[in-house]
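This chain uses plain numbering: 1 for the first residue, then up along the sequence.
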Amino acid sequence: MFEKQIAVFLTLCVTESFTKTAERLFMSQGTVSKYVAFLEKKFGPLVKRNNNGVVVNEQGKLVFDYFVRMLDQEFQMEYELLRLEKPLPTVTISTIPSIVNYHIFQVIKEFQKKYPAIEVRFQESSMRDWEKDVSLEGVDFLFFHQMSERISLLDYEALAGEDEKFVVAVNKNNSLAAYPELHFKDLVDEKFFLLDWSTKKVDPILNILKRDFAKSQISYIGQNLDMIMSSVSSNMGVSILLKRIIPDKETHQLKLVPFKDLEGGKVVLVRQRQVDHSRPANLFWEFVMTNQWRIVE
């Protein structure tokens, strides 16, 4: 079946935007348009284009519902065939620790619920070189924060998740908590507790702090998020973080103030293109790709 075309159509129906659909599926808008045209040639007009994007017509709504049911049937057939194999199939994802805070984790739970014989394994990524991590033996996919890193679509397939925004985590009693937004100039008197999350040793936060702030103001940089949150909650300093990294349970003593001096990014699921992937890995990829329309921004 033509999963890529179906994934485009399902995502377009929900986003109502060729641009957003292309971003989520890491395709050009031209490719999205070509896939929609392919389906409309087969099934007739499915969407109406206007200045604000697209509107799904009645035929499109009918095709949407049938596509969802068709995919469920196809994936179930593939799964039943995989269950006959020994040993039982596995899929391995190298990932950032905060994967549980993203849509992809809900998709994984749904995948495990539908196909319980396929084991999804996680291993924590070092995130120092994503291209190296995704090419490790035994790793099928990498889930990470894409900031300034360029993903070559000649070498990799990618699916985009939620957009990321930077925030400054401050204690609720800190005067900075009253600011509607913050900039580096507002933080000149603060101490910093920083998460070492960057890839390829490129960290825009640390680069600016080292250049414009005193060395003594960097109280901590490392992987211990619990310690960072505890330090900020105790009003020992502040932290500049991607908002979705912060667990909800940690925010009761904090105020998360939008940070405007750095652009965010998005989370992405990546796999190598020039590789003969296992059948369980292909099933997982197609399942995630055709569920991109379920992402809620």
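Annotation for Q29 and T19: closest pair NE2-OG1, 3.2 Å, computed over non-hydrogen atoms. Closest of all the heavy-atom pairs between R271 and D140 is CB-O, 3.5 Å.
The CD1 atom of I208 lies 11.0 Å from the CG atom of L187; values are rounded to the nearest 0.5 Å. Note that the NZ atom of K165 and the NZ atom of K266 stand 9.5 Å from one another [nearest 0.5 Å]. The line from CG of L62 to CZ of F67 is 10.0 Å long, rounded to the nearest 0.5 Å.
With S230 contributing its side chain and D226 its backbone, the two residues share no donor-acceptor pair below 3.5 Å. At distances below 3.5 Å, at least one donor-acceptor pair connects side-chain atoms of Q292 with backbone N or O atoms of R24. At distances below 3.5 Å, at least one donor-acceptor pair connects side-chain atoms of N171 with backbone N or O atoms of S233. A donor-acceptor pair is defined here as one N or O able to donate and one able to accept, closer than 3.5 Å; no such pair exists between the side chain of Q59 and the backbone of L46. Listed for the K191 side chain is a donor-acceptor partner under 3.5 Å among the backbone atoms of S216. Between the Q217 side chain and the A214 main chain, a donor and an acceptor come within less than 3.5 Å of each other. In this structure, Q112 contributes its side chain and I118 its backbone to a donor-acceptor pair below 3.5 Å.
Annotation: side chain of E162 is in contact with side chain of Y102 (closest heavy-atom distance under 4.5 Å). L241 places a side-chain heavy atom less than 4.5 Å from the side chain of I246. Using a 4.5 Å heavy-atom threshold, the side chains of V107 and R294 count as separate. In this structure, the side chains of F192 and I240 come closer than 4.5 Å at one or more pairs of heavy atoms. Between N57 and K48 there is no side-chain heavy-atom pair separated by less than 4.5 Å. Y156 places a side-chain heavy atom less than 4.5 Å from the side chain of E131. Using a 4.5 Å heavy-atom threshold, the side chains of V36 and R49 count as touching. Between Q253 and K172 there is no side-chain heavy-atom pair separated by less than 4.5 Å.
A perpendicular orientation is assigned to the rings of F38 and F2, their planes being inclined by more than 60° (bins at 30° and 60°). Taking the six-membered ring for Trp and thresholds of 30 and 60 degrees, F122 and F105 have ring planes inclined between 30 and 60 degrees apart.
More than 12 non-hydrogen atoms from other residues, nucleotides or ligands lie less than 6.0 angstrom from NZ of K255. Other residues, nucleotides and ligands contribute more than 12 heavy atoms inside 6.0 Å of the CZ atom of R279. Other residues, nucleotides and ligands contribute over 12 non-hydrogen atoms within 6.0 Å of the CD atom of E85. In D189, the CG atom is not crowded: 12 or fewer heavy atoms of neighbouring residues, nucleotides or ligands sit closer than 6.0 Å. The 12-atom threshold is exceeded at CG of D65, counting heavy atoms of other residues, nucleotides or ligands nearer than 6.0 Å.
When the options F143, Y79, F111, F75 are evaluated for a ring-ring contact (aromatic ring centres under 6.0 Å, His included) with F284, the one that passes is F111.
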- prompt: Can L269 and W285 be said to form a side chain to side chain contact (heavy atoms under 4.5 Å, CB included), step by step?
  reply: CA-CA 9 Å; L269 182 71; W285 182 261; 3.9 Å; yes

message: Set out, in order, the CA-CA distance, both residues' side-chain angles and the distance that settles side chain to side chain contact (heavy atoms under 4.5 Å, CB included) for E190 and L176, then state yes or no.
response: CA-CA 10 Å; E190 299 297 322; L176 295 174; 3.7 Å; yes

message: Let's go through Q76 and E80 carefully: what are the C-alpha distance in whole Å and the side-chain angles of both, what is the deciding distance for side-chain hydrogen bond (donor to acceptor under 3.5 Å, both in side chains) to 0.1 Å, and is it a yes or a no?
response: CA-CA 6 Å; Q76 189 63 38; E80 295 298 337; 2.8 Å; yes

task: Using the salt bridge (Lys or Arg N to Asp or Glu O under 4.0 Å) rule, take K185 and D261 through it: C-alpha gap first, then chi angles, then the decisive distance, then the call.
output: CA-CA 10 Å; K185 64 181 177 60; D261 284 353; over 6 Å; no

task: Run the numbers on S33 and F18 for side chain to side chain contact (heavy atoms under 4.5 Å, CB included), then give the verdict.
output: CA-CA 7 Å; S33 296; F18 281 87; 3.7 Å; yes

Salt bridge (Lys or Arg N to Asp or Glu O under 4.0 Å) between R273 and D155, intermediate numbers included: CA-CA 5 Å; R273 188 179 290 277; D155 301 317; over 6 Å; no

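Hydrophobic clustering keeps V268 apart from V275 (ILVMFWY residues linked when any side-chain heavy atoms are closer than 4.5 Å, directly or through intermediates). Put simply, L82 and L88 are part of two different groups of oily side chains (I, L, V, M, F, W, Y) that touch within less than 4.5 Å, one to the next. Tracing side-chain contacts under 4.5 Å through hydrophobic residues (I, L, V, M, F, W, Y), one reaches Y115 starting from M70; they form part of the same cluster. A continuous path of ILVMFWY side-chain contacts below 4.5 Å connects V188 to M236, so both sit in one hydrophobic cluster. Hydrophobic clustering, with ILVMFWY side chains joined whenever heavy atoms are under 4.5 angstrom apart, groups I205 together with M229.
Aromatic pair W293/F64: ring centres closer than 6.0 Å.
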